[in-house]
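Taking it in order: structure first as structure tokens, then the write-up.
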Number of protein chains: 2
Amino acid sequence: MSSGRGHHHEPAGAWTGHAESALRAAGHRSGGARSSVIAQLAASDCCATAQEVHDAIRASGQRVGLASVYRVLDQLVAVGAVTRVEFGDGVSRFEPAPPDGSHHHHLVCERCGVVRPFESPELERAIHGVGDRERFRVETHEVVLHGRCPDCLPKRA
Amino acid sequence: MSSGRGHHHEPAGAWTGHAESALRAAGHRSGGARSSVIAQLAASDCCATAQEVHDAIRASGQRVGLASVYRVLDQLVAVGAVTRVEFGDGVSRFEPAPPDGSHHHHLVCERCGVVRPFESPELERAIHGVGDRERFRVETHEVVLHGRCPDCLPKRA
DNA sequence: GTTCCTGCAAAATTTTTGCATCAGT
DNA sequence: ACTGATGCAAAAATTTTGCAGGAAC
């Protein structure tokens, strides 16, 4: 854990600025808790729970209240800079929403719990088609695939 | 409220038996709470929260504990007779999983809260493709589309 | 200087668990 | 009869709210 050495195309740096701008545009003030949450989200590769964000911030030596983490996350979701995801375990997870509109979905291994992001233009097209057909203006969407990751797959012969 | 007059192709009756069988096969005993929960789920067109299921059962005059509703729902999810869905509001919803493997997903209106189910073979194909490509054995999946339903869409001119 | 953000503690929700009792097999 | 199911109450876990003090604008 350190700075964000990008795995693919590191939108982290850009996202941080985007998030700050979006909050300021919505009339919110800057503050310590806010900076910490944004920095932590930018550093994480994928989604994290409020508790995980909080723990990571505390681990870095900063004193931030869990309630403030929730408040900042709510603001970020409200301005569209963060996406809320739920995997069915009753806990909300949060991840940066890149300003370019690109996004991914998640594969969750039911055995080891690993979460892996994936992208699929085909899937996005299908979803867009559903919105048109149902005359529903789709603003956001989440796809969660549950199953077995390669490591937890019973490898045969 | 009465028996299940099917809206489309009423899998309700068939599902009730399927659910009972699946639970028995898993070694569970029959009981009052269980029958009530299954009957209530079969009667509902789409997903319902544990609290809603409980309220509906009480409204029908039966005395069932909320904890029992949760317990039965957990058993049903475990044997695959019920699907758990989360829309991002921190509450789990449950709905019958037809024995024929068919299933739908959900459109949720962010304004009026209405939930509408939809089906899309194209979407299912795309998801299947993702599993293959990612070498992930997808066992279940959920798709939730958030946006505006026709009634809440700003109708122009 | 005013307003909003922040941390802590308390409250509110949703879900789970303990336990005595009752029902199913 | 034995074992699991059930209802109620209490507990646990997650998220929200109240409030006093401090920072941002």
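Only this structure's heavy atoms are used, side chains among them; waters, hydrogens and symmetry mates stay out. Convention: sequence-line order gives letters A, B, ...; per-chain numbering from 1.
- Look at CZ on F94(A): it is 7 Å from P on dT15(D), rounded to the nearest Å.
- Using modelled atom types, one finds no donor on one side chain facing an acceptor on the other under 3.5 Å when comparing H104(B) with E119(B).
- Taking atom CG of residue L66(B) and atom C1' of nucleotide dA10(D), one finds them 14 Å apart after rounding to whole Å.
- Residue contacts for R71(B): at a heavy-atom cut-off of 4.0 Å it reaches a base atom on one of the strands shown.
- Projected onto DNA chain D by closest heavy-atom contact, G90(B) and S35(B) fall at different nucleotides, the more 5' of which corresponds to S35(B).
- Residue-to-nucleotide proximity on DNA chain C shows that, of G32(B) and R93(B), the 5′-proximal contact is made by R93(B).
- Whole-Å rounding puts the L76(A) CG to dC5(C) C1' distance at 14 Å.
- In this structure, A33(B) reaches the sugar-phosphate backbone alone: every heavy-atom distance under 4.0 Å involves primed, P, OP1 or OP2 atoms, never a base.
- Look at Y70(A) and you won't find any side-chain N or O under 4.0 angstrom from OP1 or OP2 of dT16(D).
- Between D132(B) and R137(B) no salt bridge is recorded (no basic side-chain N to carboxylate O distance below 4.0 Å).
- Counting to the nearest Å, the C1' atom of dG4(D) and the CG atom of L23(B) are 13 Å from each other.
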- [ ] Tell me, with the steps shown, if V114(A) and V108(A) meet side chain to side chain contact (heavy atoms under 4.5 Å, CB included).
- [x] CA-CA 6 Å; V114(A) 70; V108(A) 182; over 6 Å; no

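- Taking side-chain N and O atoms only, H28(A) has a distance below 4.0 Å to OP1 or OP2 of dC5(C).
- As a whole-Å value, the separation of Q75(A) CD from dT15(D) C1' is 15 Å.
- The aromatic rings of H103(A) and H141(A) lie perpendicular to each other, with more than 60° between the two planes, well past the 30° mark.
- Using a 4.0 Å heavy-atom distance criterion, T49(B) is classed as making no nucleic acid contact.
- Within the 4.0 angstrom heavy-atom criterion, base atoms lie near S68(B).
- A straight line from CG of D89(A) to C1' of dA12(D) spans 15 Å, rounded to a whole angstrom.
- With no hydrogens or angles considered, a side-chain donor-acceptor pair links Q62(A) and S36(A) at under 3.5 Å.
- Contact annotation: side chain of R29(A) to base of dT3(C), donor-acceptor pair present below 3.5 Å.
- Across the protein-nucleic acid pair, D74(B) atom CG and dT16(C) atom C1' stand 9 Å apart, rounded to whole Å.
- Protein atom CD of Q51(A) is 14 Å distant from nucleotide atom P of dT16(D), rounded to whole Å.
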